[in-house]
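Written out below as structure tokens is the structure these notes cover.
Numbering of residues begins at 1 and proceeds along the displayed sequence. Predicted model only: the values in this text are computed from it and were never measured.
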Amino acid sequence: MTPHSLLSSDPAPHQAHLRIMATSDLHAHIHPYDYFSDQPSGTLGLARIAPLIAALRAGSPNTLLVDNGDLLQGSSLGDFIAEVRGLPEGGLHPMIAAMNALRFDAATLGNHEFNYGLDFLLRSIGTAGFPFVCANAVLKLGRTPGNDVPLIPPFVLLDRQITDGAGRPHPIRIGVIGLLPPQIITWDANHLRDRLRTRDMVQSARHHVPRMRKAGADLVLALCHSGIGPLRPKPGAQNAATAVAALPGIDALILGHSHLVFPSPDFTAQAEADLARGLLCGKPAVMPGRFGSHLGLVDLLLDRTQDGWRVADAGARAVVPPQAETAASRAICATVADDHAATLRHIRRRIGRTAVPLNSFFAMLPGNAALRVVAQAQRDHVAKALRATAHADLPVLSAVSPFKMGGRGGPDFYTDIAAGDLAIRNMADLYVFPNLIRAMAITGADLAQWLERSCALFNRLTPGSPDQPLINPAMPPTEFDVIEGLTWAVDLAQPARYAADGQMTDAGASRISDLRYQGQPVHPQDRFIIATNSYRASGGSPFPGAADSHIIFSENLTNRDVLRRYVADRGTVAPEAHPDWKFLPMPCTTALFQTAARAALHLGGLRDLNVEHVGPGPAGYSSFRLHL
């Protein structure tokens, strides 16, 4: 059964109904398969969307299919193609092969397209049977966006035939523009430095949309790989979709990047959103989740006028595809069957063992073994690399954060590795992103502020009050770092010094106390080396002390490979669960947090913590109570 139209009426003879179907943030998920757990999944993959696309095309005379970016990276398949098998000139990337088979009409780039380097990106999209567009990532900046030297075309004009309400065909020209977060040149500085420049999304769209109209575009569709933020963002904002929607000349938008669903109750407080109709600043807009969880659907009722086609009515929503396998889904799987099989053979290679379970169910609490083994691998690698250098006498620390801790990924998005054999797939499960190993010189003062920034993950708690929410949902878990080699305490009765986005909000606030290295107090002027990743070291998110200028060691080796070598060298890893940090006691105070239901099976592994399972929580999670 196909989703019904969101329009208030059927098209009259002088009107036409156009349905725009959209994917976003697929992250190299094609098969309905979870490579991390090495088992089928009914909740992800481009193939599971294929039957819905086929049904919508069969039931609608006028359709368009587009993708909004972040399609090359994010699964073991994507890593295997980029890092192991490689993509020779003219070779067909499996994501592109699947999209060609589904007859996509256009696509834009997301920030993760650049994770494997510019050359790999261009080879991958070079075999697409549809145009890629991006207006604000350019090879050279000009005086205005129109004078920029583009990486790929900023927009495309699609000339199509559209059938009106009386069944008669007419020409229509649809302009499609692509936009992405300008922060890519920071996030992937190791690949893009001196090769790429970026502009503000709003600035680029404001310049190019009138050009598209002047070139005869009846409609303008913005593929905006950006989240929904304020109406008037700061220049260069990462989440600028609201401001883009407010620009004149844009008729509809596909959003993404933040892995959320729009329209949905997540945006109840967004003043510019009409959740009933799927409008943002009065324009139809849709954000279709992540990994193929949803298909975005925009319905446009178009009036045919002397000046071309104009939008008379519109609506948008995100649709959950049915889980039933069909000929359409099997056909997409068959298109990339060899790549899928090769990926499985690769990720199942055994490299070592773990003596203890490694999971991220309680990664926000002290003593997490999964974080510790990654931190120890980084620390060991950097310490060996710095022998016989000018930095050999400085203590080496290691900063790590949890990559899979539910949140926008849902209640199944956790690392869960049983004690026993470790395979290649487990390395990807523990370290999701293809970051590169880095080390920086850092002071004791920076370390204290680094930890203050990290503990913005926690809400301020009122002493003596029961069941207060522990976690600040606005802060991604990837911004919560713990530092191997130090011990410290966190006082949740104090306000956070930093906001979720890393900006200082209370210069007088301090939650971190008793910061020590090998039992001795850490003083502001003390000097250390901290092992981390290329994203953090290049200032991909604001952390005190993290900057290109502080990097003293870099290597073209991923953190995941550092971890793999560490496990292989030792044969068996057994990270201690002994907490290196703690919450200060708060008598008669409890806090609630949500994690996966199966976390209840691992409560016995928590050291020096009083945590109990409360029961089912919201959205498929389970609730747990922390006694402080």
Side-chain angles (χ1 to χ4, degrees), residues 83 190 349-360 363 366-403 415 417 419 421-424 426-442 447 450-451 481-488 516-520 522 526-537 545-546 550-581:
E83 298 174 346
N190 51 297
R349 289 172 46 209
R350 181 188 179 279
I351 58 170
R353 288 179 53 82
T354 174
V356 299
L358 303 173
N359 61 69
S360 60
N368 184 261
L371 291 182
R372 173 154 285 167
V373 72
V374 176
Q376 289 174 342
Q378 293 178 171
R379 190 182 188 190
D380 179 77
H381 184 85
V382 168
K384 289 177 179 177
L386 295 183
R387 290 174 183 170
T389 72
H391 305 286
D393 294 333
L394 291 178
V396 177
L397 311 172
S398 183
V400 291
S401 58
F403 296 132
T415 296
I417 303 170
D421 287 348
L422 290 173
I424 292 288
N426 301 126
M427 303 300 98
D429 200 3
L430 287 163
Y431 208 106
V432 174
F433 299 107
N435 297 326
L436 302 179
I437 186 70
R438 295 289 185 268
M440 296 184 296
I442 196 168
L447 287 173
W450 191 305
L451 293 171
D481 276 5
V482 295
I483 300 180
E484 174 79 8
L486 300 176
T487 61
W488 67 96
R516 295 176 179 268
Y517 171 73
Q518 294 186 344
Q520 299 300 311
V522 172
D526 290 345
R527 297 170 61 228
F528 298 86
I529 302 298
I530 189 164
T532 181
N533 59 61
S534 52
Y535 175 81
R536 188 73 85 230
H550 293 177
I551 296 174
I552 56 91
F553 170 77
S554 62
E555 191 176 5
N556 193 28
L557 187 70
T558 67
N559 296 68
R560 188 188 300 147
D561 279 333
V562 167
L563 175 62
R564 179 184 57 79
R565 293 181 180 185
Y566 179 80
V567 172
D569 287 346
R570 276 154 182 76
T572 298
V573 294
E576 297 178 4
H578 178 71
D580 44 13
W581 63 281

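- Shown here for Pro402 and Ala363, the closest heavy-atom pair between the two residues is CB-CB, 3.7 Å.
- Arg536 contributes atom CZ, which lies 9.5 Å from atom CD1 of Ile530 (distance to the nearest 0.5 angstrom).
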* List the steps and the verdict of side-chain contact (heavy atoms from CB on, under 4.5 Å) for Thr354 and Val373. => CA-CA 10 Å; Thr354 174; Val373 72; over 6 Å; no
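- Note that the CG atom of Leu430 and the CG atom of Leu422 stand 7.5 Å from one another [nearest 0.5 Å].
- Considering all non-hydrogen atoms of both residues, Ala428 and Arg560 come closest at CA-NE, 3.7 Å.
- Once rounded to the nearest 0.5 Å, the distance linking NE2 of His381 with CZ of Phe553 reads 4.0 Å.
- Separating the CE atom in Met427 from the CG atom in Asn559 is a distance of 13.0 Å, to the nearest 0.5 Å.
- With a 4.5 Å cut-off on side-chain heavy atoms, Ile552 and Thr389 do not count as touching.
- The closest side-chain heavy-atom distance from Val400 to Val482 is below 4.5 Å.
- His550 approaches Gly545 most closely through the heavy-atom pair ND1-O, 2.6 Å.
- Judged by distance alone, with hydrogens and angles left aside, the side-chain atoms of Thr415 form no donor-acceptor pair with the main-chain N or O of Ser360 at under 3.5 Å.
- Pairing each heavy atom of Val567 with each of Gly352, the nearest pair is CG1-CA, 3.9 Å.
- With hydrogens and angles disregarded, no donor-acceptor distance shorter than 3.5 Å links the side chain of Thr572 to the backbone of Arg353.
- Between the side chain of Asn368 and the backbone N or O of Asn359, at least one donor-acceptor pair lies under 3.5 Å.
- A salt bridge is absent between Arg565 and Asp561; no separation between the charged side-chain nitrogens and carboxylate oxygens falls under 4.0 Å.
- At a threshold of 4.5 Å between non-hydrogen side-chain atoms, the residues Ile442 and Trp450 count as touching.
- With hydrogens and angles ignored, the 3.5 Å screen pairs no side-chain donor or acceptor of Asp569 with any backbone N or O of Tyr566.
- Minimum interatomic distance between Leu451 and Asp481 (heavy atoms only, all atoms of both residues): CD2-O, 4.2 Å.
- Other residues, nucleotides and ligands contribute more than 12 heavy atoms inside 6.0 Å of the CZ atom of Arg516.
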Please list every donor-acceptor pair under 3.5 Å in which a side-chain atom of residues 433-441 meets a protein atom from a residue at least two apart or in another chain.
{"residue": "Asn435", "atom": "ND2", "partner": "Tyr431", "partner atom": "OH", "Å": "3.4"}
{"residue": "Arg438", "atom": "NH1", "partner": "Glu555", "partner atom": "O", "Å": "3.1"}

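- Residues Arg570 and Asp380 meet the side-chain proximity criterion, which asks for heavy atoms closer than 4.5 Å.
- In this structure, OG1 on Thr487 lies 10.5 Å from CD on Gln520, to the nearest 0.5 angstrom.
- Among residues two or more places apart in sequence or in another chain, the ring pair (Phe, Tyr, Trp, His ring centres under 6.0 Å) test is passed with Phe528 by Tyr517.
- Counting only distance, with no hydrogens or angles, the side chain of Gln378 and the backbone of Ala399 share a donor-acceptor pair below 3.5 Å.
- Scanning both residues, Ala375 and Ser398, for their nearest heavy atoms gives O-OG, 2.9 Å.
- In this structure, the separation between CZ on Arg372 and CD on Glu576 is 6.5 Å, given to the nearest 0.5 Å.
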